[in-house]
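First comes the structure, then the notes that go with it.
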Amino acid sequence: MENQEARGSNKEQSSTKKSIPPYMKAISGSLGGVMEACCLQPIDVIKTRLQLDRSGAYKGIVHCGTTVTQTEGVRALWKGLTPFATHLTLKYALRMGSNAVLQTAFKDSETGKLSNHARLISGFGAGVLEALVIVTPFEVVKIRLQQQKGLTPELLKYKGPVHCARMIIREEGLLGLWAGAAPTVMRNGTNQAAMFTAKNAFDIVLWNRHEGDGQVLQPWQSMISGFLAGTAGPLCTGPFDVVKTRLMAQSRGTGELKYKGMFHAIRTIYAEEGLFALWKGLLPRLMRIPPGQAIVWAVADQIIGLYERRYLQDAPI
């Protein structure tokens, strides 16, 4: 009888135990996004230039970076930083927050545990949501700014992010800001499904940290787990990223579009440039995304850990 009462008491405590609220995870993600943007913007510029290079003007990452610096100045490596930083801040806030909400919804009502299948679905849902709400319009503006060569404002079509967005809406309509939405949804959904699942797996394998055990990782531990988790997505989603960039870069105001949609773009790129062209920019993506995830998780885990230590006891993370 006493054992039954004890089990009932433990179950009641488990069901009422407080957890980290989604808004705190959203805040932690947004702060990590600001740090990532400032550190890794040059790699993103190089990646975009390589993906848009159809004539072979750039011989690789180093050559592309030095060419941009020599011909356009060092500041050109931070082109599009404003929309990039803003979009990362909002994207990580939405990603972390929505993933937390979805994971809560998919947790087993009896045990409070989350299956790997549910974790994958939660990550994919968070990726789709961020792609449609934030990523696509911000990346359209960012890519249009990054593909412009030179620093003389009078010679550039787009004078800045706000002017760029207004010009796109004027020339192509509001939907012009959502060019390339389909491959962006596929890329981000797959990326986040892999990333959240891999991050949890690496935390368990490397540091024996399980969700809800109250353990807070050191920043270097979070960086290693985040770095490794960030490698899976780019390998799987390279073609989606290349197609996304091509679709976003083409302007509807300049006449007939070369690419009619995601599948047409994949077929055209494969026919004209070969299979490996669908993975153009993979190396700079691997140079940017895993380090970016390392930075984000180092910041996010510390903020969540600080909140847990200050306001909660043994709260599930």
Side-chain angles (χ1 to χ4, degrees), residues 22 25-26 28-30 32-33 36-37 40-41 43-44 47-48 51 80 83-103 106 118-143 146 175 177-200 226-227 229-249 261-263 265-266 278-282 284-297 300:
K25 292 192 176 183
S28 69
S30 66
E36 177 190 348
L40 302 179
Q41 172 69 358
I43 297 176
D44 192 70
K47 182 211 75 166
T48 300
Q51 289 182 336
F84 186 54
T86 305
H87 124 256
L88 276 187
T89 302
L90 297 175
K91 178 179 75 173
Y92 281 119
L94 181 60
R95 175 188 299 176
M96 297 292 201
S98 62
N99 182 71
V101 171
L102 290 171
Q103 286 192 356
F106 287 126
R119 195 182 306 279
L120 281 168
I121 295 175
S122 299
F124 189 86
V128 169
L129 187 60
E130 72 178 17
L132 292 175
V133 176
I134 294 171
V135 175
T136 302
F138 274 96
E139 288 215 357
V140 167
V141 172
K142 175 178 69 76
I143 286 172
Q146 287 179 348
L175 292 180
L177 290 172
W178 273 266
T184 307
V185 164
M186 292 302 299
R187 183 198 67 171
N188 282 59
T190 306
N191 270 343
Q192 302 329 311
M195 188 273 293
F196 280 110
T197 304
K199 173 64 165 61
N200 180 71
F227 185 93
T231 59
L235 295 173
C236 300
T237 62
F240 292 128
D241 192 61
V242 172
V243 169
K244 169 201 72 73
T245 302
R246 296 286 180 92
L247 290 175
M248 289 179 174
M262 180 173 69
F263 294 109
I266 292 174
L278 291 170
W279 274 269
K280 270 190 173 181
L282 176 61
R285 281 192 80 203
L286 289 173
M287 289 176 64
R288 181 181 66 82
I289 293 177
Q293 291 302 306
I295 294 170
V296 168
W297 282 109

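Annotation: side chain of Arg285 is in contact with side chain of Asp241 (closest heavy-atom distance under 4.5 Å). At least one side-chain heavy atom of Arg119 sits under 4.5 Å from a side-chain heavy atom of Asn200. Inter-residue side-chain proximity for Met262 and Phe240 is flagged as met; some heavy-atom pair is nearer than 4.5 Å. Inter-residue side-chain proximity for Asn188 and Thr237 is flagged as unmet; no heavy-atom pair is nearer than 4.5 Å.
Taking both residues in full, the closest heavy atoms of Gly226 and Lys199 are given as N-CD, 4.0 Å, listed atom of the first, atom of the second, then distance. Minimum heavy-atom separation, Leu247 to Pro183: CD1-CG, 3.9 Å. Residues Phe227 and Pro291 share a closest heavy-atom pair of CD1-N, 3.7 Å. Residues Ala118 and Phe106 approach most closely at CB-CB, 3.7 Å, considering heavy atoms. The two residues Val243 and Ile266 come nearest to each other via the heavy atoms CG2-CG1, 3.5 Å. Taking both residues in full, the closest heavy atoms of Ser98 and Leu129 are given as CB-CD2, 3.8 Å, listed atom of the first, atom of the second, then distance.
We find the CD-CE distance between Gln192 and Met96 to be 8.5 Å, quoted to the nearest 0.5 Å. Interatomic distance, Asn99 CG to Leu94 CG, rounded to the nearest 0.5 Å: 10.5 Å. Summarising the geometry, atom CZ belonging to Arg187 is positioned 7.5 Å from atom OG1 belonging to Thr245; distances are rounded to the nearest 0.5 Å. Here Leu120 contributes atom CG and Phe196 contributes atom CZ; the two are 11.5 Å apart, rounded to the nearest 0.5 Å. Put simply, CE on Met195 and OG1 on Thr231 are 12.0 Å apart, with the number rounded to the nearest 0.5 Å. Separation of atoms NZ (Lys47) and CD1 (Ile143) is listed at 6.0 Å; rounding is to 0.5 Å.
Of the possible donor and acceptor atoms, none in the side chain of Thr136 sits under 3.5 Å from a partner among the backbone N and O of Leu132. Remark: the backbone N or O of Gly33 is not paired with any side-chain donor or acceptor of Thr89 at under 3.5 angstrom. Checking side-chain atoms of Arg246 against main-chain N and O of Gln51 turns up a donor-acceptor pair under 3.5 Å.
With Pro284 as the fixed residue, the side chain to side chain contact (heavy atoms under 4.5 Å, CB included) test singles out one of Leu40, Ile43, Ile289, Thr48: Ile43.
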Original post:
When you look at Lys91 and Phe138, which way does the side-chain contact (heavy atoms from CB on, under 4.5 Å) test go after all the steps?
Top reply: CA-CA 10 Å; Lys91 178 179 75 173; Phe138 274 96; over 6 Å; no

Original post:
Can you list the steps and then say if Asp44 with Gln146 is a side-chain contact (heavy atoms from CB on, under 4.5 Å)?
Top reply: CA-CA 9 Å; Asp44 192 70; Gln146 287 179 348; 3.2 Å; yes

